[in-house]
Amino acid sequence: MIMPIATPEVYAEMLKRAKEGGFAYPAINVTSSQTLNAALRGFAEAESDGIVQVSTGGAEFLSGASVKDMVTGAVALAAYAREVAKKYPVTVALHTDHCPKDKLDGFMRPLIDLSLEKGGDPIFQSHMWDGSAVPLEENLEIAKELLDKCRRANIVMEMEIGVVGGEEDGVANEINEKLYTTADDALATAEAVGLEGYMLAATFGNVHGVYKPGHVKLRPSVLKDIQDAVGAKYGVDKPFNLVFHGGSGSLLSEIHEAISYGVVKMNIDTDTQYAFTRPIADHMFKNYDGVLKVDNEVGNKKVYDPRSYGKSAEVAMAARVAEACAHLKSTGTKIS
């Protein structure tokens, strides 16, 4: 029986099928029960398995604005996801997004420890260590320590070499040559941590945030250079399971080229945030006198009930998730 939340074995099979089948999974950032349901609905509509992820800021928000505890929010999301995912005919993996060095002790490390203490299937199927802001040597030393713990907990680790430009969760990076990972970086990574048990976010001009098509100067061939260099040394074709960050504004041809080089996961946040918010804004403008008590009137409870606009937000975000599945060629590939 396929579980709605992937077991470690099923997650490994998902990633293997993606690379061999020439598609990638959308990894959808969520910040609430509503956005989680929208992601699950979108995957189901596309008949695609997928990945749901939460960032440090998203996890903090999920815990409550007055609590601000990343671990509490992340664990609560995982528990909720395990219940509601049972109602959807697809398999999803739970992932934690970018964790920089200064948040390791308040986010990634304690979450891994909780999975080790619990035993059995981990709370999250994968965690991301974001060492892009520290020198590569330090990045790889920390990666070795974290990967050892992740392996013991049956967790896949994601790590990043190179820098993603733009801004996410308050972390900003310039747009310059550091955005392109080199073959030497990849060779050093393979030597330090081997080739098993992790996904690699190698950068090829990626930028977080909102950009028009053509603004971001992607060079997907960087990914081929990395795979070829490491593959030649270790005798393996496409040795890395690659991750595509900062994809907003990317051309579809660039996305497909990146997938052909071994990208199995693509993060999607900016576009789904807009898809969720747009119908809410539309609702507020169209129902101005109903959502507000204007001129001592009583308003209209039916239109200021959060469910009235929340439903349309879920539908719109789900449609954007399904569109992402089509772009990444995962439509119709579900395991179950």
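Treat the numbers as computed from the prediction; the structure is a model and nothing was measured. Computation of the quantities below employed the complete heavy-atom set of this structure, encompassing side-chain atoms and omitting hydrogens, waters and symmetry-equivalent molecules.
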With side chains defined as the heavy atoms from C-beta onward, is the minimum distance between Gln53 and Asn267 less than 4.5 Å?
yes
Is a side-chain donor or acceptor of Arg320 paired with a backbone partner of Val315 at a separation under 3.5 angstrom?
no
If the threshold is 4.0 Å, N to carboxylate O, is there a salt bridge linking Glu257 and Lys224?
no
What class does the angle between the rings of Phe204 and Phe244 fall in, given that below 30° is parallel, 30 to 60° is tilted and above 60° is perpendicular?
perpendicular
Carboxylate-amine/guanidinium contact Glu83 Lys86, below 4.0 Å:
yes
Would you call Arg109-Asp113 a salt bridge at under 4.0 Å N-O?
no
Counting C-beta onward and ignoring hydrogens, is there a side-chain heavy-atom pair between Trp129 and Leu104 closer than 4.5 Å?
yes
With no hydrogens and no angle check, do the side chains of Ser63 and Thr72 hold a donor and an acceptor under 3.5 Å apart?
no
Count the heavy atoms belonging to other residues, nucleotides or ligands that lie under 6.0 Å from OH of Tyr288, then report whether that count exceeds 12.
no
Specify whether Phe124 and His127 have parallel, tilted or perpendicular ring planes, treating 30° as the upper limit for parallel and 60° as the lower limit for perpendicular.
tilted
Is any NZ, NE, NH1 or NH2 atom of the basic residue among Glu145 and Lys149 found under 4.0 Å from an Asp or Glu carboxylate oxygen of the other?
no
Salt bridge or not between Asp49 and Lys334? Use side-chain N to carboxylate O under 4.0 Å.
no
In terms of the angle between their ring planes, are Phe240 and Tyr198 parallel, tilted or perpendicular, with boundaries placed at 30° and 60°?
tilted
Taking Asp148 first and then Arg152, would you say they form a salt bridge - that is, a charged N and a carboxylate O separated by under 4.0 Å?
yes
